Each structure stands twice: as structure tokens, then as C-alpha cells.
Amino acid sequence: MIQQLAGFAPAPVAARMENHGNHMLKVAMQTGNDLLARVGSMVAYEGFVQYEPNPPAVRQIAKDWMTGEGAPLMKCSGDGLLYLSDYGANVVVINLNGDAISVNATNLLAFDAHLTWGIERVKGLAKFAGQGLWNTKISGQGWVALTSRGKPIVVDCGGGEDETYVDPDALVAWSPNLKVKGKRSFKAQSLIGRGSGEAFQMAFSGQGIVVVQPSEDSTDRLRVRG
């Protein structure tokens, strides 16, 4: 039986963040290189790892979370291997390498604590969503782990005049330099926008990518209302 289980052992560490299968994140922890992770996401760890829920740096930024978009975070520090997951969701690992990404807070699993981050309101959606849709923008040199309800698709907007339309409940992340606006299609109201409950989409244009999950999970995110 032990030999049969050996195939599930983690591979040797090759990077700061790696996938272990599709649904688990492995983080190589080092003293001085702290991690911010979703509260309750730890499933196992090796070595010496400490946890601090809602640390001061998070509380300072969380003052902007008046909409409830922010997800509770904990600071992880120490040496060893840390394993994180989010109820079996797919995990997507990104090395920003100086880039930036906008993420729905419900899809944010973990990121390097030294990265620059904050809560921003998506412009161009006020008439559809009252105060607008809020997201977490992360930038710098470091690692980010996202979750997706199923295998995601990454759409390259191409930088042309054509727009990419996404149901807001299926949206995971996008390049922050993209232009965003809302669109409502009254004629097809019963056919599209299943996750939002109405024919409302977010339209992206410009140079960048959009990450979309196959499951429109509206239970944890801000609902867009007319």
C-alpha cells in the first residue's frame, strides 16, 4: 500500500510557488520572505511555519474594503513547505516578474507579502453596480496564486478594437491596463449572463489578458445590479 501512495508524494522544490496536482499549492517558505494567504487555506506544512491572522499591514489596507470584496488574509512566516487549497478549486500560479494583475478577492489564494497591493474600484461600472466592482491589484517582483472553479481559460484581448465580454461571476483576473466597461443586452436577457442572473457583461479592450473560470460562482462575490 505504501508503494501505491508514493506516487502522490510532492516533487522536489523547484520554485517559490508550485502546483501539487491541480488543486493544491506548495510554497517554499523562507525566513524573511513572508506570505499572505487566505485565512483557512492551510491544509498541511513541514518545518516551522507561524501564522498571524489579519496582520497590521492587512488591517491598514482593509479599511478600503467597505464593499465586502476583501477576503480575510493571514501572514505566514518561517521555514519549510506550506500547502494551501480552497475547497478543491483549481490553483493557478503566476510569477509576476514586474507585471501587475487585478484579481477578484474570492479568487485570491496567496501572494508574496513584499508585493505592492491594494483594493481598487473598477472604473466604468458605476451605472451598473452602484459604487462599482472592487478588485485587488497586485504588482511587483514575486509570486501570486489564484483559484478557479474548474480549469480556467486565458483570453488574450489582442490590443485591437474588438472587445472581450465576460460574465462578472465567471471573472477571475485581468490585466489592470485593460479598459473595462459594462454592457447589458436586453434582447438576450434569458440566454446569456447565467451567473449574474441577467444579461450583463463586463467588456475588456486593449493590450492584456482576461482569466475566466467555467463556473459562475456568485455566492461569494459582489452581485452586479441594475
Side-chain angles (χ1 to χ4, degrees), residues 8-66 68-121 134-148 152 154 172-177 208-209 211 220:
F8 296 98
V13 175
R16 161 71 164 174
M17 287 189 184
E18 299 174 280
N19 283 90
H20 177 69
N22 296 324
H23 310 291
M24 192 177 296
L25 173 69
K26 180 176 69 174
V27 185
M29 298 295 298
Q30 295 177 327
T31 299
N33 193 5
D34 296 339
L35 184 80
L36 292 177
R38 175 181 290 275
V39 169
S41 61
M42 188 277 291
V43 293
Y45 68 92
E46 302 175 35
F48 180 75
V49 182
Q50 293 181 306
Y51 307 91
E52 181 185 357
N54 197 28
V58 172
R59 290 199 298 270
Q60 180 65 30
I61 294 177
K63 290 190 300 183
D64 295 330
W65 287 344
M66 294 179 294
E69 173 69 3
L73 297 174
M74 60 182 178
K75 183 176 77 172
C76 310
S77 58
D79 289 279
L81 292 177
L82 174 61
Y83 298 90
L84 306 174
S85 69
D86 182 22
Y87 295 99
N90 284 53
V91 175
V92 181
V93 177
I94 302 171
N95 186 356
L96 286 182
N97 196 25
D99 295 325
I101 191 167
S102 293
V103 186
N104 279 323
T106 53
N107 297 99
L108 184 57
L109 181 60
F111 58 98
D112 283 329
H114 65 262
L115 288 169
T116 300
W117 67 286
I119 308 300
E120 296 184 348
R121 182 169 65 87
W134 296 76
N135 67 288
T136 305
K137 180 180 177 181
I138 307 174
S139 61
Q141 296 277 351
W143 295 82
V144 179
L146 313 179
T147 61
S148 172
V154 178
V172 173
W174 65 95
S175 300
N177 56 294
I209 62 168
V211 183
D220 294 329

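Computation of the quantities below employed the complete heavy-atom set of this structure, encompassing side-chain atoms and omitting hydrogens, waters and symmetry-equivalent molecules. The model shown is predicted, which means the values in this text are computed figures rather than measured ones.
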So C76 and L82, do their side chains get closer than 4.5 Å, heavy atoms only?
yes
Please determine which of L108, I101, L73 meets the side-chain contact (heavy atoms from CB on, under 4.5 Å) test together with W117.
L73
Are R16 and M29 packed together at the side-chain level, in the sense that at least one heavy-atom pair is separated by less than 4.5 angstrom?
yes
Which atom of A28 lies closest to which atom of V13, heavy atoms considered
CB-CG1, 3.8 Å
L96 and I138, any side-chain heavy atoms less than 4.5 Å apart:
yes
W143 side chain near L25 side chain, heavy-atom distance below 4.5 Å:
no
Could you report the tightest heavy-atom contact between L84 and A110, atom names first, then the distance?
CD1-CB, 3.7 Å
Could you tell me whether the side chain of D79 and the main chain of G47 form a donor-acceptor pair under 3.5 Å?
no
Of the non-hydrogen atoms in H23 and G88, which two are nearest, and what is the gap between them?
ND1-O, 2.9 Å
Would you check if V103 and F111 make a side-chain contact, meaning some heavy-atom pair closer than 4.5 Å?
no
Would D86 and S41 count as having a side-chain donor-acceptor pair, cut-off 3.5 Å?
no
A100 and S139 have their tightest heavy-atom pair at CB-CB, 3.6 Å
Which heavy atom of P152 sits nearest a heavy atom of V211, and at what distance?
CB-CG1, 4.0 Å
Looking at side-chain heavy atoms only, is the closest gap between E18 and V93 below 4.5 Å?
no
Distance col, row T147:OG1 vs N90:CG, nearest 0.5 angstrom, shows 9.0 Å
Quick check: do L36 and K75 have side-chain heavy atoms less than 4.5 Å from each other?
yes
Tested for side-chain contact (heavy atoms from CB on, under 4.5 Å) against S85, the lone hit among V91, L109, V43 is V43
Side-chain heavy-atom pair M17, L35 within 4.5 angstrom cut-off:
yes
If I take atom CG from residue D112 and atom CD from residue Q141, how far apart are they, to the nearest 0.5 angstrom?
10.5 Å
To the closest 0.5 Å, what do you measure between OG1 (T106) and CG (N135)?
11.0 Å
Okay, side chain of D34, backbone of S77: is any donor-acceptor separation there less than 3.5 Å?
no
Mind checking ring pair (Phe, Tyr, Trp, His ring centres under 6.0 Å) for Y51 and listing every partner two or more places apart, or none if nothing turns up?
Y45
Can a donor-acceptor pair be found, under 3.5 Å and without considering hydrogens, that links the side chain of S102 to the backbone of K137?
no
